[in-house]
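In what follows, a single structure is set out as structure tokens and then discussed.
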Number of protein chains: 2
Amino acid sequence: MKRILAPINAETKRRRIAEFERRCREAGIPMTDQRRIVVEAVLDMHCHPTADQVYASSQVRRARISRATVYRSLESLVMLGVITKACHPGDVVRYDARLEPHHHLVCLECGEVVDIADPSITMTRLPDMSVFGFEVRDCRMQLRGVCRRCRRKEKKR
Amino acid sequence: MKRILAPINAETKRRRIAEFERRCREAGIPMTDQRRIVVEAVLDMHCHPTADQVYASSQVRRARISRATVYRSLESLVMLGVITKACHPGDVVRYDARLEPHHHLVCLECGEVVDIADPSITMTRLPDMSVFGFEVRDCRMQLRGVCRRCRRKEKKR
DNA sequence: GATTAGTTGAGACAAAATCTCAACCGTAAT
DNA sequence: ATTACGGTTGAGATTTTGTCTCAACTAATC
């Protein structure tokens, strides 16, 4: 059963930040204010922010964190597996705070990206690229097309 | 049955160029030498070239085609549906001359992208994002992991 | 509190992509 | 074949996106 994923709630956010701190300790990476603020910002911004959008977020602006640090923090978050990177044609790199297996509906008109779950296509159903000596660590599906709003606009024309 | 896709052969290349010319005429887009050379270059370069690699290709260099024109031509090829754009995290935009439904095995170590066919996941099996008012036009799967060569290197360490 | 190794900020730098505009060229009508 | 027109091209400036450098700073550990 396919479904659109709900936004990340406060409880989940707390858990994710704690998880981040744990992974930092495990990896021997110092936990700085800057990194903490960047994680919070990403989790607060529902829906795939770009690095620049994170940089422009109120939290990050208020703390006067530099652009370089935002890029570096985001990269370390990816390294630690706290967030993932997503990239769709014609768009810049975006960060995705969602970790559970999910896929992206990308609108070719307006660029909007919607998270969907489709348990029928997950890691468990994609075991065997080992035929090619390839070890699959992640599977993402891009469904590209036109969203409801843009279809309505097209019809009017 | 999953399989790695074979390179585009000469016969297919001819057909694809003819197809491109037909679509240009239909869309009322003038057929220039530059565009013709760019299509040929892309079809000759097996495996997902970047705009810059196309710009650097022998055909394009020989014809002294400008960088701007290469970018513009590639974009018009995408518009006409002659090639597609692909983008994987941590990498620049790449162009994909393959039109048949297929997916990408992306190596997280070396960045190599391999085309694979998996008929069990195609348009025909993905009908129903219409629940969300979304009209699916294309479906791409990214399988990210580590390729055989990089796994061997990792083991040695 | 001292030590150490990793982090930060500011701005320079690099890479990727787009824009500008005058000159040019394909196309189709004549 | 000629002409008129609109789209295309090239060169280089510009913008956008991301990385690098290095001195000053700070988290973590003892």
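Below, read A as the first sequence line, B as the second, and so on, with proteins coming before strands; counting in each chain starts at 1.
In terms of the side chain to side chain donor-acceptor pair (under 3.5 Å) criterion, residue partners of B/Q59 (sequence neighbours excluded) are, by chain and number, B/D44. Evaluation of the side chain to side chain donor-acceptor pair (under 3.5 Å) rule for A/Y55 yields A/R61 as partners, not counting sequence neighbours.
One finds no side-chain N or O of A/Q34 lying less than 4.0 angstrom from the OP1 or OP2 phosphate oxygen of D/dA27. At the phosphate of C/dG9, neither OP1 nor OP2 sits under 4.0 Å from any side-chain N or O atom of A/R64. Proximity of A/S66 to the phosphate of C/dT8: no side-chain N or O atom is located under 4.0 Å from OP1 or OP2.
B/M79 places its CE atom 17 Å from the C1' atom of D/dG7, with the value rounded to the nearest Å. Atom pair A/Y55:OH and C/dA10:C1' shows a separation of 10 Å (rounding to whole Å applied). Rounded to an integer number of Å, the gap from CD of A/Q53 to P of D/dG18 is 11 Å. Between the CG atom of B/L80 and the C1' atom of D/dG7 there is a distance of 14 Å, rounded to whole Å. When rounded to the nearest whole Å, the span between CG of B/D91 and P of D/dT19 equals 12 Å. Spacing between atom CD1 of A/I65 and atom C1' of D/dT26 amounts to 14 Å, rounded to whole angstrom units.
Between A/T69 and A/S66, the side chains place a donor N or O and an acceptor N or O closer than 3.5 Å (distance only, hydrogens not considered). No hydrogens or angles considered: a donor-acceptor pair under 3.5 Å links the side chains of A/Y95 and A/E75.
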Distance-only check: which donor-acceptor pairs under 3.5 Å involve side-chain atoms of residues 86-94 of chain B, not counting sequence neighbours?
from  : atom 1 : to     : atom 2 : distance (Å)
B/H88 : ND1    : B/Q142 : NE2    : 3.0
B/H88 : NE2    : B/H104 : ND1    : 3.1
B/D91 : OD2    : B/R94  : NE     : 2.6
B/R94 : NH1    : B/H48  : O      : 2.8

Contacts under 3.5 angstrom, residues 5-12 of chain A side chains, donor-acceptor by atom type, not counting sequence neighbours:
from  : atom 1 : to    : atom 2 : distance (Å)
A/N9  : OD1    : A/E11 : N      : 3.3
A/N9  : OD1    : A/T12 : N      : 2.7
A/N9  : OD1    : A/T12 : OG1    : 2.6
A/E11 : OE1    : A/R14 : NH2    : 3.2

Anything under 3.5 Å between a protein N or O and an N or O of nucleotides 12-15 of chain C, put it in a table, one pair a line.
none

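Within the 4.5 Å cutoff, the side chain of B/D96 has no heavy atoms near those of the B/I83 side chain.
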Go along nucleotides 18-30 of chain C 5' to 3' and tag each nucleotide: B for a protein heavy atom under 4.0 Å from its base, S when only backbone or sugar atoms are that close, - otherwise.
-> BBB-----SS---

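A distance-only check finds a donor-acceptor pair linking the side chain of B/R16 to the backbone of B/V82 [under 3.5 Å].
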Derivation of the salt bridge (charged side-chain N to carboxylate O under 4.0 Å, His left out) call for B/E26 and B/R23 = CA-CA 5 Å; B/E26 275 176 11; B/R23 292 196 189 189; over 6 Å; no

